[in-house]
Amino acid sequence: MEMTLQHYLILSAILFGIGIAGVIIRRNLIVMFMSLELMLNAVNINLAAYSKYLHTMTGQIFIVFVMCVAAAEAAVGLALIISLFRNKATINADEINSLRG
């Protein structure tokens, strides 16, 4: 059985759906952060699949940019989560209200 474009798109849709569900359902900031990373990886699978299907390098170039953004997001996001944990002693999104005036 050969892997076709549809297989990659279905896998990507499933991963993206799991990521959306993780962001919406879970209130733990670490789980929400990991769900966002899962959604970015689903987009990378889409880009790689279309790059292979269309025989161009454009999708792979975009993957490099998405990975750079994901790395920067990971560094900044984890720093914010650690800072919030030190100030509030919780990483539950419902209990953090420091931006309210």
Side-chain angles (χ1 to χ4, degrees):
M1 181 171 163
E2 182 181 339
M3 294 291 290
T4 63
L5 179 64
Q6 288 78 22
H7 290 97
Y8 291 112
L9 296 181
I10 290 170
L11 172 66
S12 177
I14 290 170
L15 288 177
F16 198 83
I18 292 170
I20 288 176
V23 169
I24 292 173
I25 294 172
R26 300 297 299 225
R27 298 287 62 169
N28 186 336
L29 287 177
I30 303 269
V31 173
M32 293 171 70
F33 186 70
M34 288 175 18
S35 297
L36 286 173
E37 293 292 328
L38 189 63
M39 290 166 52
L40 283 173
N41 285 329
V43 170
N44 280 344
I45 291 173
N46 264 345
L47 289 171
Y50 277 114
S51 179
K52 181 181 180 221
Y53 179 72
L54 297 174
H55 302 292
T56 63
M57 293 293 289
T58 308
Q60 294 176 12
I61 293 169
F62 279 119
I63 288 172
V64 172
F65 287 121
V66 171
M67 288 175 69
C68 290
V69 168
E73 178 218 357
V76 172
L78 286 176
L80 288 172
I81 290 171
I82 290 171
S83 176
L84 282 171
F85 181 75
R86 286 183 180 170
N87 289 332
K88 299 290 184 181
T90 184
I91 55 173
N92 190 354
D94 291 333
E95 297 175 12
I96 297 174
N97 58 3
S98 62
L99 294 178
R100 293 182 186 159

| message | Please say yes or no: joined through hydrophobic side-chain contacts below 4.5 Å, possibly via intermediate residues, are Val69 and Met39 part of one cluster? | response | no
| field | Met67 with Phe62, same ILVMFWY side-chain cluster at under 4.5 Å | value | yes
Donor-acceptor pairs under 3.5 Å, side chain of residues 27-34 to any protein atom, not counting sequence neighbours: which ones?
unit_1: Arg27; atom_1: NH2; unit_2: Val23; atom_2: O; d: 3.4
unit_1: Asn28; atom_1: OD1; unit_2: Ile30; atom_2: N; d: 3.1

| Can you name the nearest heavy-atom pair linking Ser12 to Ala42, along with the distance? | OG-O, 2.6 Å
| Check: Thr58 main-chain N/O paired with Ser51 side-chain donor or acceptor under 3.5 Å | no
| With ILVMFWY side chains joined below 4.5 Å, transitively, what does Leu80's cluster contain besides itself? | Val76
| note | For Gly19 and Ser35 the tightest heavy-atom approach is O-CB, 3.3 Å
| query | What residues, two or more places apart in sequence or in another chain, satisfy side chain to side chain contact (heavy atoms under 4.5 Å, CB included) together with Ile10? | reply | Ile14
| query | Mind checking whether Val43 and Ile45 sit in one hydrophobic cluster, side chains of I, L, V, M, F, W, Y counted as touching below 4.5 Å? | reply | no
| Same apolar cluster (I L V M F W Y, side chains within < 4.5 Å links), Ile20/Leu11 | no
| message | When you group the ILVMFWY residues by side-chain heavy-atom contacts below 4.5 Å and let the links chain together, are Val64 and Met57 in the same group? | response | no
| note | In terms of heavy-atom contacts, Ala70 and Leu40 come closest through CB-CD1, 3.8 Å
| query | Any side-chain heavy atom of Tyr53 within less than 4.5 Å of one from Thr4? | reply | no
| Where Leu47 and Val66 come nearest, the two heavy atoms and their spacing | CD1-CG2, 4.2 Å
| query | With a 4.5 Å heavy-atom cut-off, do Glu37 and Glu73 have their side chains touching? | reply | yes
